[in-house]
Amino acid sequence: MARPKWLSGFAVPIAFCAVILCSDPASAGGWAADTLANDDASDLLGQIVPNGSVELIRSALDAALTPVSPVNDERASRALAAAEMVAAMMGSPSRYLPAPCKEWAALHSKDANRDLIQLAVRTVDRVVKDSGTQELMQEGGAKNLQDWQMSVTNLKARLISR
C-alpha cells in the first residue's frame, strides 16, 4: 500500500525522536539514574540538534543557576543534558548520547570555550547540591542515588578534563 506524500516529510523527525527517546532502554518513564535518561533531557536534546544553537545549551545551564532553591527537576535535568552536550563538544561524549547529538557536538566543538565549560561545571555542582532531581534520586533508594551520583561525577570529570 502506498503511503500519502505528506507522510514522507515526517520520516526524519520521527526517526530522530525514536533515537533520542530509545537511546537507553532504562529510560522508559520520566527519569532514571543516568544524566540523559529522562524525558526533560530528551526534550532538550531534541531541540538542540535541529536548531543548531549553542544558546539553547547556555540557556538551560543558566536556568539551573537561578537563586530558586531547590532547582526543580525539569531545569536540573535539562541542565545536565546541556552539560553533557558541552562535554561532547569538548570531545568527551557520554556513551548514552545519541549519534545525532554527537555529530552536532563535533560540528560545534569550537564553541566549547572556557566560559561555557565553566558554566557547565558550576551548573553540575548546583544540581548535585540542591535540586529536585537529586531529591528524586534519593527517593528512588540508595542504589539509584549512587548510580546517579556516579553518572554526574563522570560528567563533571569529562568537563574538567581539559
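In this text the structure is predicted, and so the values were computed from the model without any measurement.
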Can you name the residues that form a side-chain hydrogen bond (donor to acceptor under 3.5 Å, both in side chains) with S131, not counting sequence neighbours?
none
State which residues pass side-chain hydrogen bond (donor to acceptor under 3.5 Å, both in side chains) with D130; sequence neighbours excluded, sorted by chain then number.
S69
Less than 4.5 Å apart, side chain to side chain, heavy atoms only: is that true for [X] and [Y]?
X	Y	answer
K156	V128	no
S94	L36	yes
V127	L80	yes
W148	L136	no

Listed by chain and number, what are the side chain to side chain contact (heavy atoms under 4.5 Å, CB included) partners of [X], not counting sequence neighbours?
X	value
E135	P70
T66	V68, R75
L65	L119, R122, T123, R126

Checking S42 side chain against N38 main chain: does a donor-acceptor pair fall under 3.5 Å?
yes
Indicate yes or no for a side-chain donor-acceptor contact from S109 to the backbone of M90 under 3.5 Å, with no hydrogens or angles considered.
no
Going from [atom1] on [X] to [atom2] on [Y], what distance comes out if it is rounded to the nearest 0.5 angstrom?
X	Y	atom1	atom2	result
S53	L56	OG	CG	4.5 Å
M85	L45	CE	CG	6.0 Å
M137	L145	CE	CG	9.0 Å
S92	L97	OG	CG	11.5 Å
L155	T35	CG	OG1	5.5 Å
N154	R95	CG	CZ	8.5 Å

ring-ring contact (aromatic ring centres under 6.0 Å, His included) pairs, two or more places apart, involving residues 34-76
none
Please collect all salt bridge (charged side-chain N to carboxylate O under 4.0 Å, His left out) contacts where either partner lies in [range], sequence neighbours excluded, each pair once.
range	result
residues 142-154	K143-D147
residues 76-91	E84-R158
residues 56-66	E55-R58

Distance-only donor-acceptor hits, side chain of residues 98-105, under 3.5 Å, sequence neighbours excluded:
none

Identify the heavy atoms of L61 and A83 that sit nearest to each other, and give their distance.
CD2-N, 3.8 Å
What is the minimum heavy-atom distance between A79 and A64, and which atoms define it?
CB-CB, 3.6 Å
Do [X] and [Y] land in one hydrophobic cluster if side-chain heavy atoms of ILVMFWY residues count as linked below 4.5 Å?
X	Y	answer
L107	I117	no
V71	V124	no
M89	L44	yes

Check salt bridge (charged side-chain N to carboxylate O under 4.0 Å, His left out) between D111 and all other residues, then give those that pass, not counting sequence neighbours.
none
